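Written below as structure tokens is the structure these notes are about.
All values reported here derive from a predicted model rather than from experimental measurement. All heavy atoms count here, side chains included; hydrogens, waters and symmetry mates do not.
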Amino acid sequence: MREPSADIAKLCESWWEKLADATRMEQQSYVRRLLELLGWEDHLPFTPKPAAAALSALPCLLRGDGQCMVAAYFLPPGALDSPASVVERGLDHCPATKALLDETRAPGIHYLLATDLHRSYLYDARTEELLLHADDPRVFNADLAPALRRQNVERGSLEDLRRQPRSVVARRLREWNQRWAEHLRREGRISEEAASLPGDRLCVARFLFGHDILRRTRDRLARRFGELVARASGVSPRGCGADLVRLFHDMWLDWRVELFAPCPELDTLLARDDIAAPWLREAGLLGRNKFTLAAVLESFNHGDPAEKMRVRMVPEENEERDLYLARLTLDTVDAARVAVDVTEEGYRAVTHWFDRLVAAYDRLDTEFDRHSRAAAPPVDDLDLFAWSEMDARRPAACADKLGHACARGLTVYCAGARQRRVSLLLLTLHLISRLESRHEAADRLPDAARALAERPRVLPAAGKVMGINAPPDETGGLDD
């Protein structure tokens with residue numbers, strides 16, 4: 001009996017030989033024959049949307065036992081970039097697959113296949129993660145065809161596909177950022193710190209676009225970023241550089257994130273279209289799975305062995321700090337300080353003790369509300385002015401918990417530019433995540449930079465570093 005893989009290989013060769021001159025009906029016949037070889041006799045064709053139509057794609061839905069839905073797009077030769085070259089550059093999409101994913105996003109679509117029968121991409125449509133790819137029919141037969149056979153899909157073959165380990169995702173993000181940082185330094189002879197800013201800004205922007213907290217500005221700025229990426233990918237990217245600099249400046253004004261603050265040496269370089277347009281094109285082809293807090297932190301797991309250790313260190317329990325936080329009262333909470341030494345405790349300790357501090361604020365806020373209700377006059381006698389007067393006595397730490405923790409409650413000692421960079425990026429992403437988990441909408445982000453302090457040669461007494469009450473000038477010079 002003839003092997004289906006041999007028939008698939010022959011069909012692929014015929015597709016590339018004859019498709020240029022084939023009619024639409026003949027193209028559909030090729031798709032139908034391939035799907036039959038994979039066991040999908042009852043696939044569901046659907047009308048292509050604009051991006052798919054522009055690519056001359058033939059789309060259909062493959063429904064696996066009602067539990068798994070694959071959107072499959074069959075494209076003419078040349079519509080897809082080589083997957084090997086895409087992955088080599090640290091990217092997750094080529095322009096065609098990105099356009100198809102954006103257009104296909106829907107709760108009922110679980111996977112997306114894009115293929116011209118030589119080059120093929122298979123994605124998890126929910127996470128945009130590239131699961132399998134092939135640069136020729138041989139690899140398609142060996143890797144993709146078995147996973148896509150109907151009987152295997154109904155047994156869970158797609159769900160069983162191995163996802164990329166976080167270390168691989170992080171390494172590709174790091175390599176992409178490093179490649180661009182080196183390019184910027186060569187082109188503009190700018191500092192290493194300035195050259196790293198575009199990558200850090202992209203991490204914050206993409207992370208924030210995926211979290212619904214800044215309802216006044218998030219959608220507007222995300223739309224502007226998407227339009228810039230589209231322009232940079234088009235035939236006339238003129239003006240992309242100046243518009244990218246303006247977008248970053250507006251993000252700084254609206255979000256008040258220090259990472260977006262004007263940087264003259266970088267802004268001059270990014271204003272050049274020959275720099276900004278290719279950066280924007282590639283930035284739009286990075287998958288969402290690269291912009292998680294865990295992946296971003298893991299991307300710094302390189303270089304100096306001590307710094308690699310600080311990325312991986314698990315925060316240790318500290319009974320003295322916990323006891324200190326447990327003993328805080330409504331009278332003392334505003335003056336409370338917790339100091340974290342990145343050099344000794346690692347980066348994860350920053351978010352760990354930030355959360356412990358905010359938990360203490362939550363506990364005391366509940367206690368304040370309980371005392372206020374007990375002391376309040378009967379509801380009939382309580383007017384707006386009396387309620388405002390009661391609420392004015394609420395400690396500042398309880399009124400704006402995340403903002404107070406950054407500005408006054410937490411000190412993060414950083415030894416050098418790298419520690420400051422990683423701590424600022426990590427704490428900024430963590431603030432976004434916490435605001436969403438607390439269902440708190442905000443006009444702007446708390447200023448994470450206020451929590452950072454240069455590590456002195458001689459640290460304060462051990463008790464103060466562990467969180468014992470101390471005046472601001474003894475805990476890193478925090479201002480009001």
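- Here the shortest heavy-atom pairing between Leu270 and Ala276 reads O-CB, 3.3 Å.
- Within the 4.5 Å cutoff, the side chain of Arg220 has heavy atoms near those of the Asp254 side chain.
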List the steps, then state whether salt bridge (Lys or Arg N to Asp or Glu O under 4.0 Å) holds for Arg119 with Asp81.
-> CA-CA 8 Å; Arg119 297 168 177 172; Asp81 294 344; 5.6 Å; no

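- A pairwise comparison of heavy atoms in Leu425 and Cys203 identifies CD1-CB, 4.3 Å as the closest pair.
- In this structure, the separation between CD on Glu129 and CG on Leu161 is 10.0 Å, given to the nearest 0.5 Å.
- Under a cutoff of 6.0 Å and an axis angle of 45°, Arg126 and Tyr111 form a cation-pi pair.
- Taking the side chain as every heavy atom from C-beta outward, Trp176 and Arg179 approach each other to under 4.5 Å.
- Put simply, CG on Asp267 and NE2 on His249 are 8.5 Å apart, with the number rounded to the nearest 0.5 Å.
- Between Glu436 and Arg218, no side-chain nitrogen of the basic residue sits less than 4.0 Å from a carboxylate oxygen of the acidic one, so the salt-bridge criterion is not met.
- Not one N or O on the side chain of Arg105 forms a donor-acceptor pair closer than 3.5 Å with the backbone of Ala125.
- Checking side-chain atoms of Arg201 against main-chain N and O of Leu259 turns up a donor-acceptor pair under 3.5 Å.
- Side-chain N or O atoms of Thr428 include one that pairs as donor or acceptor with a backbone N or O of Leu424 at under 3.5 Å.
- A donor-acceptor pair is defined here as one N or O able to donate and one able to accept, closer than 3.5 Å; no such pair exists between the side chain of Tyr361 and the backbone of Asp400.
- The CD1 atom of Ile275 sits 6.5 Å away from atom CH2 of Trp180, with the distance rounded to the nearest 0.5 Å.
- Side chains of Trp279 and Leu184 form no contact here, defined as non-hydrogen atoms less than 4.5 Å apart.
- Scored by the ring pair (Phe, Tyr, Trp, His ring centres under 6.0 Å) test, Phe248 finds Phe260 as partners (sequence neighbours excluded).
- Evaluation of the salt bridge (charged side-chain N to carboxylate O under 4.0 Å, His left out) rule for Glu88 yields no partner, not counting sequence neighbours.
- Figure legend: cation-pi geometry between Arg256 and Trp252, with NZ or CZ positioned under 6.0 Å from the six-membered ring centre and within 45° of its axis.
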side-chain contact (heavy atoms from CB on, under 4.5 Å) between Phe354 and Leu431, intermediate numbers included | CA-CA 10 Å; Phe354 177 90; Leu431 284 167; 3.5 Å; yes

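- The ring pair (Phe, Tyr, Trp, His ring centres under 6.0 Å) analysis of residues 284-321, with sequence neighbours excluded, yields no pairs.
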Donor-acceptor contacts, no H, no angles, side chain residues 442-449, under 3.5 Å, sequence neighbours left out:
from	atom 1	to	atom 2	distance (Å)
Asp447	OD1	Ala449	N	3.2

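- Outside the 6.0 Å centre-distance limit, the rings of His93 and Tyr121 are not counted as a close aromatic pair.
- Minimum heavy-atom separation, Phe140 to Ala134: N-CB, 3.6 Å.
- Between Val296 and Leu293, every side-chain heavy-atom pair lies at or beyond the 4.5 Å cut-off.
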Taking it one step at a time, do His371 and Leu330 satisfy side-chain contact (heavy atoms from CB on, under 4.5 Å)?
-> CA-CA 11 Å; His371 290 171; Leu330 291 168; 4.0 Å; yes

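- Side-chain contact check for Phe225 versus Leu202: some heavy-atom pair is nearer than 4.5 Å.
- Here the closest heavy-atom approach between residue Arg185 and residue Glu192 is recorded as NH1-CB, 3.8 Å.
- Looking at His211 and Leu435, their side chains never come closer than 4.5 Å, going by heavy atoms from C-beta outward.
- Ring geometry for Trp255 against Phe209 counts as perpendicular: the plane angle is over 60°, on a 0 to 90° scale with 30° as the lower cut.
- Residues satisfying the side chain to side chain donor-acceptor pair (under 3.5 Å) test with Arg327, not counting sequence neighbours, are none.
- Counting only heavy atoms from C-beta outward, the side chains of Asp322 and Glu319 never approach each other to under 4.5 Å.
- The salt bridge (charged side-chain N to carboxylate O under 4.0 Å, His left out) test applied to Arg421 returns Asp200, not counting sequence neighbours.
- Under a 3.5 Å cut-off, the side chain of Arg450 and the backbone N or O of Leu410 do not form any donor-acceptor pair.
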Could you go step by step and tell me if Arg434 and Asp355 meet the salt bridge (Lys or Arg N to Asp or Glu O under 4.0 Å) rule?
-> CA-CA 9 Å; Arg434 286 305 309 270; Asp355 288 346; 2.6 Å; yes

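- Checked by atom type and distance alone, the side chain of Arg408 never pairs as donor or acceptor with a backbone atom of Cys406 at under 3.5 Å.
- Under 4.0 Å is where a charged nitrogen must lie from a carboxylate oxygen, and between Lys401 and Glu440 no such pair does.
- Note on Asp92 versus Arg288: no salt bridge recorded, every NZ/NE/NH1/NH2 to OD/OE distance being 4.0 Å or above.
- We find that Arg310 and Glu307 are joined by a salt bridge, their nearest charged nitrogen and carboxylate oxygen being less than 4.0 Å apart.
- A salt bridge is absent between Arg418 and Asp304: the closest approach of a Lys/Arg side-chain nitrogen to an acidic carboxylate oxygen does not fall below 4.0 angstrom.
- With rounding to the nearest 0.5 Å, the separation of CG in Leu208 from CG in Leu221 is 8.5 Å.
- Nearest heavy atoms, Ala360 versus Leu328: CB-CD1, 4.3 Å.
- In this structure, CG on Asp274 lies 6.5 Å from CD on Glu187, to the nearest 0.5 angstrom.
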Verify side-chain contact (heavy atoms from CB on, under 4.5 Å) between Asp124 and Arg163, making sure each step is shown before the conclusion.
-> CA-CA 10 Å; Asp124 186 323; Arg163 269 54 178 173; 3.0 Å; yes

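- Expressed to the nearest 0.5 Å, how far CG of Asp243 lies from CZ of Arg238 amounts to 12.0 Å.
- A salt bridge links Lys98 with Glu128; the closest basic N to acidic carboxylate O contact falls under 4.0 Å.
- Side-chain N or O atoms of Ser196 include one that pairs as donor or acceptor with a backbone N or O of Glu193 at under 3.5 Å.
- Residues His133 and Leu122 fail the side-chain proximity criterion, which asks for heavy atoms closer than 4.5 Å.
- A 6.0 Å sphere centred on CZ of Arg438 holds more than 12 heavy atoms belonging to other residues, nucleotides or ligands.
- Closest approach of Leu280 and Cys240 over heavy atoms only: CD1-CB, 4.2 Å.
- In terms of modelled atom types and a separation under 3.5 Å, the side chain of Asp135 and the main chain of Ala84 share a donor-acceptor contact.
- In terms of modelled atom types and a separation under 3.5 Å, the side chain of Asn152 and the main chain of Pro146 share a donor-acceptor contact.
- In this structure, the side chain of Arg281 engages the main chain of Ala232 through a donor-acceptor pair within 3.5 Å.
- Ion pairing between Arg171 and Glu175 holds under the 4.0 Å rule for side-chain N and carboxylate O.
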